[in-house]
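Structure first, then comments.
FYI, the numbering just counts along the sequence from 1. Values reported hereafter were calculated over all heavy atoms of this structure, with side chains retained and with hydrogens, waters and symmetry mates removed.
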Amino acid sequence: MVQAKQKNLRVFEFEETPKEDLIPYIQKNAVLLRGFMLIFKGALDEEVRAFLQSEGLNFLDSSIQLPLKSRESSGEIPSKNITTPALSPAPLEESGSKEKEHSRSSTLCLRRTIRSGEEIVTSGDVTIFGRINSGAIIRAEGNVQVFGEIHGAIECEGEYMILGKIGQGSVLFGGEILDPSLFHGSLKQVFLEEGRVSIKEIV
């Protein structure tokens, strides 16, 4: 008996990029990208393919035509048009013991350092008064505020974020990975304005 469910596929689309820039970018953001299908407009050479496979990433290049619609035009991608299986976020790689903390409350407040190997998952907002170490991951369906330095990975599906300094970490908001060079320590608000990510200093 066949059991099947229709699911929406989360996609990151890449323009043609030299591999010297592409590989370091994906390597830095691999923790976040493992939950997505990566679509490359240009043809991939064997070195890039081997790298993507070694990172355990799901990808397609321009040799396979998919009837995908952009985020702006539809908001989601129907999986019935995709021949690949629907993806769920990949588990965080272990670095010692792995600890998961789930929350369904409207606001989760953490006054501590988020250690390497921890995964915080919440359907509401989260506020963190501490550092996020490398190897830690935060997934929130609501808004995210972080008042410590970020070296781990954050995925925010809410309406806004408040961030200070992004060190070696990766932050995904509004379908975009934020540029760490824009976050040096002073608090900034990140939000969507007319479908685009905007970043403003908090005075």
**Message:** My understanding is that only residues two or more places apart in sequence, or in another chain, count here; which of them pass side-chain hydrogen bond (donor to acceptor under 3.5 Å, both in side chains) with N29?
**Reply:** S170

**Request:** Indicate yes or no: at least one non-hydrogen side-chain atom of L52 is less than 4.5 angstrom from one of I26.
**Result:** yes

**Prompt:** Same cluster for F183 and I202 if Ile/Leu/Val/Met/Phe/Trp/Tyr side chains link at under 4.5 Å?
**Reply:** no

**Complete:** Value for CD (Q27) from CG (L33), rounded to nearest 0.5 Å, stands at 12.0 Å

**Any residue meeting ring-ring contact (aromatic ring centres under 6.0 Å, His included) with F12, in chain and number order, not counting sequence neighbours** = F36

**Asked** Would you call K41-E16 a salt bridge at under 4.0 Å N-O?
**Response** no

**Asked** In chain order, what residues pass the side chain to side chain contact (heavy atoms under 4.5 Å, CB included) check against E176, with sequence neighbours excluded?
**Response** V197

**Asked** Listed by chain and number, what are the side-chain hydrogen bond (donor to acceptor under 3.5 Å, both in side chains) partners of E193, not counting sequence neighbours?
**Response** S198

**Message:** Show every side chain to side chain donor-acceptor pair (under 3.5 Å) that has at least one partner inside residues 156-168, sequence neighbours left out.
**Reply:** none

**Request:** Measure the acute angle between the ring planes of F14 and Y25, then classify it against the limits of 30° and 60° as parallel, tilted or perpendicular.
**Result:** perpendicular

**Message:** Taking side-chain hydrogen bond (donor to acceptor under 3.5 Å, both in side chains) as the definition, give me every residue that meets it alongside E47, ordered by chain and number, with sequence neighbours left out.
**Reply:** K19

**Message:** Count I, L, V, M, F, W, Y as connected when their side-chain heavy atoms are under 4.5 Å apart, and connections chain through other members. Are L182 and L192 then in the same cluster?
**Reply:** yes

**Nearest-0.5 Å distance, SG of residue C156 to CG of residue L163** = 8.5 Å

**Prompt:** Would you say the side chain of L110 lies within less than 4.5 Å of the side chain of T127, judging by non-hydrogen atoms?
**Reply:** no

**Message:** Nearest 0.5 Å, please: how far is CZ in R131 from CD1 in I128?
**Reply:** 13.0 Å

